[in-house]
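Here is the structure we will look at, set down as structure tokens.
Computed from heavy atoms alone, side chains included, the values below leave out hydrogens, waters and symmetry copies. Lettering follows sequence order; numbering is per chain, from 1.
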Amino acid sequence: MKQLDKNYSPKEFENRIYADWEEKGYFRAVVDKAKKPYCIVIPPPNITGQLHIGHALDNTLQDILIRWKRMQGYSALWLPGTDHASIATEARIVAAMKDEGVSKDDVGRDGFLERAWEWKRLYGGTIVQQLKKLGSSCDWERERFTMDEGCSKAVQKVFIDLYNEGLIYRGERVINWCPVCRTSISDIECEHEEKDGFFWHINYPLKDGGGYIEIATTRPETLLGDTAVAVHPNDERYKHLIGKTLILPLLNREIPVIADEYVDKEFGTGAVKITPAHDPNDFEVGVRHNLPLVNIMDDSAVINENGGKYAGMERYEARKAVVKDLEDGGLLVKIQPHKHNVGGCQRCGTVVEPRASLQWFVSMKELAKPAMEVVRDGRLKWVSKRFENVYMQWMENIRDWCISRQLWWGHRIPAYYCQNPDCNHVLVSDIAPEKCPKCGGAVIQDDDTLDTWFSSALWPFSTLGFPEKTAELEYFYPTAVIVPAYDIIPFWVARMIFMGLKFMDEVPFHDVFIHGLIRDEQGRKMSKSLGNGVDPLDVIEKFGADALRLTTIYGVSQDSDVRWSDAKVTAARNFANKLWNAARYVLGQCTINNVRISPENLTVEDKWILSRFNRLVKEVTANLDAYDLGVAAGKVHDFIWNVYCDWYIELTKPRLSGGGCESAQNTLMLVMEGMLKLLHPFMPFITEEIWTSMPHSENEHESIMMSKWCEYEPALDFPEEESAFEKVIELIGAIRARRSEMNVPPSKRVSLKIESADFALFKSCAVFFERLAGCNGQLTVSEQLSGDDDTVIVVTAHARAFLPLGELIDKEKESARLEKELEKAKNDIEFINKKLSNEGFITKAPAAQVENERAKLAKAKEKLAGIEKSLDALK
RNA sequence: GGGAGUUUAGCUCAGCUGGGAGAGCAUCCGCCUUACAAGCGGGAGGUCAUAGGUUCGAGCCCUAUAACUCCCACCA
């Protein structure tokens, strides 16, 4: 048996322990019909990612659940993996190539993918190594990647099936285009922000020379793509102009005035320029009125040949030029400041350009229905009602999902187009056709790849073997719970739900356990640009992974954000240190080989701690069941520090210094074992290090992570002794407080007399008053005592204690103090009496409550009597 | 424009289905008491955002108001 070092230094053992667990295969979870399955799939971190504090929280929560369930005897699989993160990774590779002076086009698609895979090989594992530092007990042998062979097969199968059912379609729509990433993005990847802009009022002249129609726009450059001006059909101001022709300024193209209900008469000038290729609403109007689409920009938002003389200008440059030319031409009426929402690319922040283009979409309405149904009928439970609402609201208002991306890194869309202009056949297939099955013409594959989130949506089943019907899929699906932050509910959680239901006919997970974000001390989001990010690896280096873990979840309530502070980590580390020292002491004292409890030898304080521990087991397990992980951790923490260390260890010292005592040793060790188990999911390293340094009973596993979770033991429940001993604690506390108030130094030891109806109890606890209440060993306990002139009297509801502190007593002060206590006691009684004499309370409050108040009254009366007696004696 | 959340001690936050307000840090007092000064003992500090209401009883339930935060939404 090894000995614990004098100092708690997690660096000395965390890595060693993790390597040992891994080597022994403790993380492995297998299909075992004798056990119940419990599976969590990790939210796959991006291969471009570095571990940040959010991952630390996310993974700590999952590891707690997995370790707890493993200890409870489940076959607990935590399935790890990484995400290819198409857009982020591609940007990274492009940037790296730029340093070399080459572009995507220079190296070509194959060359690019070669580089990407190489990049993945070199850096994709970084984050995995970092997760290990946290103590994550993932089954690494099952590690997956969203672009590995199996996941890619799943993606193909799902795409093809949805296409064949008509749930995936290709069509021309106005989508969000990022001119920097040069790809389409979905609606949720477009983040709206209110910005200060302008309203440019422009006159569009009528062809017949009969004046102008004034329109207002926030994006004047889109004028180049206008194909109509719309007014409301009932707008008296414009009714007579409907059907007339306008001359589009600058380009001198003829466009019609049309009538459409979409126009709001009250807003702007009541006349709207219609740019079907660059505005989703205008697009709809265009469809209704059969207007031509004029796309005026290229991939990087540079004006194209449709923009006349503005061709080649960047969009904002073009805006300036257009405005200037309008002004010069006398068509600019006015410029008004105007706040409006601008969409930005989630990844790079660039203002997105709405742009009509041919893309692939998932038709959402039908898929969303069952995804809402399972929440309503309880098959899928959101731990947080609040986020259930977010989810439901999002699902109810769902729109079709644009899934094609103009990127190379990702799952290539398995669609093939016949090049024969007379055929134009589209084939969607997992096998690349050599020629068009219809006309025999040449075919080419779609250039685009799929949205990263498309493969993430399949993660709970693709990682378990889908589309194959594997034993793992059969056993572990549906998984138990998913543990993401709230910011990816629409991106990931929602999509896994409808995909799971569609392809597995079953929810992907039973519970959704959403957590908040970790913010900095001022409550700001951590970000690179602010430089306020906390690097978890630094924290581990300084304080240890256990302290980091405890910090992230301590005080985490289910859905709110948490503030990070160094003070919190320090507190967590100090707690680890406390436990370390307690264990070092207890292990040194307890020289037994086999922990065993013999109830007949137990003292009242042994029974007290066992009973308290028993209750702790019940509560902590219930808290974990309810996903109140922070509460559970808090209870274990408080028990270890405030009950076990502050009281029980001290209480055993007399017996241990008296030459060893088996029942004390056994109780100390048994409770230590149990506390370590309860703490293990939260702080795996320190608990293991202590565990492997202590003796256990034969049936315990050599590793704490594989040992059995504590259960409530009826044989170790001692409610009577528990409440009896609380009386002793109460009196010790009261004596301490009095001595402290009177500035009596701990070194000053005095004799003590105790008066109580429970005199036998207090007599049996004499030694504790010596040890913990400054008694010099001369203790008298009796049912009936009278105070001397020079005694200080301490009163609790169950006892009075007399301390001969004659020289320190100021009789007047003492009497004033007692008067004050008397006053308080009287107030208490009056308060309770008032309640009990209130007829409404007696008749309407539950009986137990009334009984409770009566007991409180009795206790208060006893205390009052004690104080009165003491006052009399003083006089 | 809709919707959600927050508001409790100087700071960070608990407070379960309503029954006389809690912790940690900070602060103050006293202690190197043979596991731990990263510690031990003790204390001070709160009209639970505001105003109404329901109730025998409200930090908790209802209504309104204010401040802060977030999500969703195409008013050009």
Q. Counting any heavy atom closer than 4.0 Å, what does A:Val390 reach on the DNA or RNA strands: base, sugar-phosphate only, or nothing?
A. nothing
**Q.** Residue-level proximity of residues 187-201 of chain A to RNA chain B when a heavy atom falls under 4.0 Å
**A.** none
Q: Measure from the side chain of A:Ser560, starting at C-beta and using heavy atoms only, and say which of B:C29, B:A14, B:G19 lies closest.
A: B:A14
**Q.** Distance, P atom - from B:U50 to B:A66, rounded to whole angstrom
**A.** 16 Å
Q.
Applying a 4.0 Å non-hydrogen cut-off, can you work out what A:Asp487 is touching in the nucleic acid: base, sugar-phosphate, or nothing?
A. nothing
Q. Which letters describe nucleotides 40-49 of chain B, given B = protein heavy atom under 4.0 Å from base, S = only from sugar-phosphate, - = neither?
A. SBSS------
Q: Assess the side chains of A:Asn581 and A:Arg584: does a donor N or O sit below 3.5 Å from an acceptor N or O?
A: yes
Q | Whole-angstrom distance between B:U8 and B:G59, as gauged at atom P | A | 15 Å
Q: May I ask you to say whether A:Arg738 pairs ionically with A:Glu821, meaning some side-chain N is under 4.0 Å from a carboxylate O?
A: yes
**Q.** Pairwise P distance, B:C31 and B:C48 [rounded to whole Å]
**A.** 37 Å
Q) Among the nucleotides B:A38, B:U33, B:C74, which one has an atom lying closest to any side-chain atom of A:Tyr262? A) B:C74
Q. Within the pair A:Asn581 and B:A38, is there a side-chain N or O less than 4.0 Å away from OP1 or OP2?
A. no
Q) Looking only at atom P, what distance separates B:U6 and B:C16, rounded to whole Å? A) 12 Å
(Q) For a quick check of understanding: with a heavy-atom distance under 4.0 Å over all strands, which category does A:Lys653 fall into, base, sugar-phosphate or nothing? (A) base
Q: Taking atom C1' in both B:U55 and B:G41, compute the distance separating them and give it to the nearest angstrom.
A: 43 Å
Q | Nucleotide of B:A73, B:A76, B:G19 approaching A:Asn341 most closely (side-chain heavy atoms) | A | B:A73
Q) To the nearest Å, how far apart are A:Lys748 NZ and B:G30 P? A) 18 Å
Q: Select one nucleotide: of B:A35, B:A76, B:G20, the one nearest the side-chain heavy atoms of A:Asp264.
A: B:A76
Q: Kindly point out which of B:C36, B:A76, B:G20 is positioned nearest to the side chain of A:His340?
A: B:A76
Q: Let me know which of A:Leu668, A:Leu4, A:Leu656 forms a side-chain contact (heavy atoms from CB on, under 4.5 Å) with A:Tyr585.
A: A:Leu656
Q: Could you tell me whether A:Lys653 and A:Glu650 make a salt bridge, using a distance below 4.0 angstrom between a side-chain N and a carboxylate O?
A: yes
(Q) Does B:C70 have its OP1 or OP2 closer than 4.0 Å to a side-chain nitrogen or oxygen of A:Arg386? (A) no
Q: Could you check whether A:Glu619 gets within reach of a base, just the sugar-phosphate, or nothing at all, counting any heavy atom under 4.0 Å?
A: nothing
Q: Scan side-chain atoms only and decide if A:Asn574 and A:Tyr8 contain a donor-acceptor pair under the 3.5 Å cut-off.
A: no
Q) Among B:G30, B:A35, B:A38, which is the nearest nucleotide to the side chain of A:Pro746? A) B:G30
Q. For A:Arg563, which contact category applies under a 4.0 Å heavy-atom criterion: base, sugar-phosphate, or nothing?
A. sugar-phosphate
Q) Which one, B:A76, B:A35, B:G19, comes nearest to the side chain of A:Pro846? A) B:G19
Q: Looking at every strand, decide which applies to A:Pro354 at a 4.0 Å heavy-atom threshold: base, sugar-phosphate, or nothing.
A: nothing
Q.
In the structure I gave you, are the side-chain heavy atoms of A:Arg573 and A:Leu550 within less than 4.5 Å of one another anywhere?
A. no
Q: Mind checking A:Gln589 for me? I need base, sugar-phosphate or nothing, with any heavy atom below 4.0 Å counting as a touch.
A: nothing
Q.
Mind checking if A:Arg399 touches a base, just sugar-phosphate, or nothing, with heavy atoms under 4.0 Å?
A. sugar-phosphate
**Q.** N or O in side chain of A:His637 less than 4.0 angstrom from B:A23 OP1/OP2
**A.** no
(Q) Mind checking if A:Asn389 touches a base, just sugar-phosphate, or nothing, with heavy atoms under 4.0 Å? (A) nothing
Q: Between B:C60 and B:G20, how far apart are the P atoms? Round to whole Å, please.
A: 15 Å
Q) Paired stems touching RNA chain B, three or more consecutive Watson-Crick or G-U pairs with both distances under 3.5 Å? A) B:1-7 with B:66-72, B:10-13 with B:22-25, B:27-31 with B:39-43, B:49-53 with B:61-65
(Q) Heavy atoms from C-beta onward define the side chain here; which of B:A38, B:A76, B:C29 lies closest to that of A:Asn577? (A) B:A38
Q) Do we count A:Phe841 as stacking onto B:G57 if the rule is ring centres under 5.5 Å and planes under 30°? A) no
Q) A:Ala845 has a side chain; which of B:G19, B:A14, B:U12 sits nearest to it? A) B:G19
